[in-house]
Amino acid sequence: MRLTRAAIHMNRHPAPWKRASGVVRCHPGKSHYTKLKAYRSISLHSGMGKVVEKVATELRSVEAESRVLLSDGTFRSRNGPSGNDSAAIMVDTAHAAWTTSLVPGMLLKDIKAAFPSMVKGRLVNLMNVMQMDGDPIQWMESILTERTVKMIIDGNAMEQHPVKAWVTHGSPVSPIHFVIHTAGLSNWVKEYLSGAEGLFFVEDHRCVVA
């Protein structure tokens, strides 16, 4: 606990904790494995680093929820609402429309590689605009910079390479950062599309918008 407090208070995520291993695995059931899509990379982060990131995630989530900084239309990546809740809302909305002889419609958008596509400067700016606690913001900038990864293929470890994506797949803190990054989208949908409900389901490194 003292180590975690010190890491956040000093606004520093030690370099050894920012080194990840990318293990390449094949998707089962593919007809052949000569194409890139037949494989996926799983990012394995430092165990101690993940502990600190998990604590920082909880601190960030508690602050965001207590101050009502997140949209009610965001599910799964925040405390409380789950992915099943988002599906239940869509079903309930459709039933309500049928009772008034309306025809409901739904548009789904799957944002693949959502985490790596985030812009660090925008995330930092949004946190400052929300007037979130300064120490975690400084710590976040540390965790998002100078990260490295080495790929492991068939047990053979490659050289360390810099990670260009600001928010990484496999980090416990990535989902809450993405929720903060997209906090205004749900309200934008409600404001510009009368009668529409903006729902966001964040899972792993992808985001589904309904």
For M10, does the CE atom have more than 12 heavy-atom neighbours from other residues, nucleotides or ligands under 6.0 Å away?
-> no

Check your understanding: Going by heavy atoms in the side chains, are I180 and M127 under 4.5 Å from each other?
Key ->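 I180 reaches M127 side chain to side chain.
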
Measuring from [X]:[atom1] to [Y]:[atom2], what's the distance to the nearest 0.5 Å?
X: L126; Y: H177; atom1: CG; atom2: NE2; result: 11.5 Å
X: M151; Y: M158; atom1: CE; atom2: CE; result: 8.5 Å
X: L102; Y: T93; atom1: CG; atom2: OG1; result: 12.0 Å
X: W17; Y: K50; atom1: CH2; atom2: NZ; result: 14.5 Å

Open item on the list: Working note: T148 + H161, criterion side-chain contact (heavy atoms from CB on, under 4.5 Å); need CA distance, chi angles, decisive distance, verdict.
Closed with: CA-CA 5 Å; T148 59; H161 290 279; over 6 Å; no

Does [Y] offer a backbone N or O that forms a donor-acceptor pair with the side chain of [X] under 3.5 Å?
X: R67; Y: V62; result: no
X: D92; Y: A88; result: no
X: K150; Y: A20; result: no

Given the options V179, I137, V173, R60 meets side-chain contact (heavy atoms from CB on, under 4.5 Å) only with I137

side-chain contact (heavy atoms from CB on, under 4.5 Å) between H13 and W139, intermediate numbers included:
CA-CA 7 Å; H13 201 64; W139 173 85; 3.4 Å; yes

Sidechain N-carboxylate O distance under 4.0 Å for K54, E58
no

Inset, instruction - List the steps, then state whether side-chain contact (heavy atoms from CB on, under 4.5 Å) holds for N11 with S142. - result: CA-CA 7 Å; N11 307 325; S142 175; 5.9 Å; no

R19 and V149: side-chain contact (heavy atoms from CB on, under 4.5 Å), yes or no, with the steps? CA-CA 6 Å; R19 298 170 187 161; V149 62; over 6 Å; no

| task | Could you label the plane-to-plane angle of the H181 and F178 rings as parallel, tilted or perpendicular, counting under 30° as parallel and over 60° as perpendicular? | result | parallel

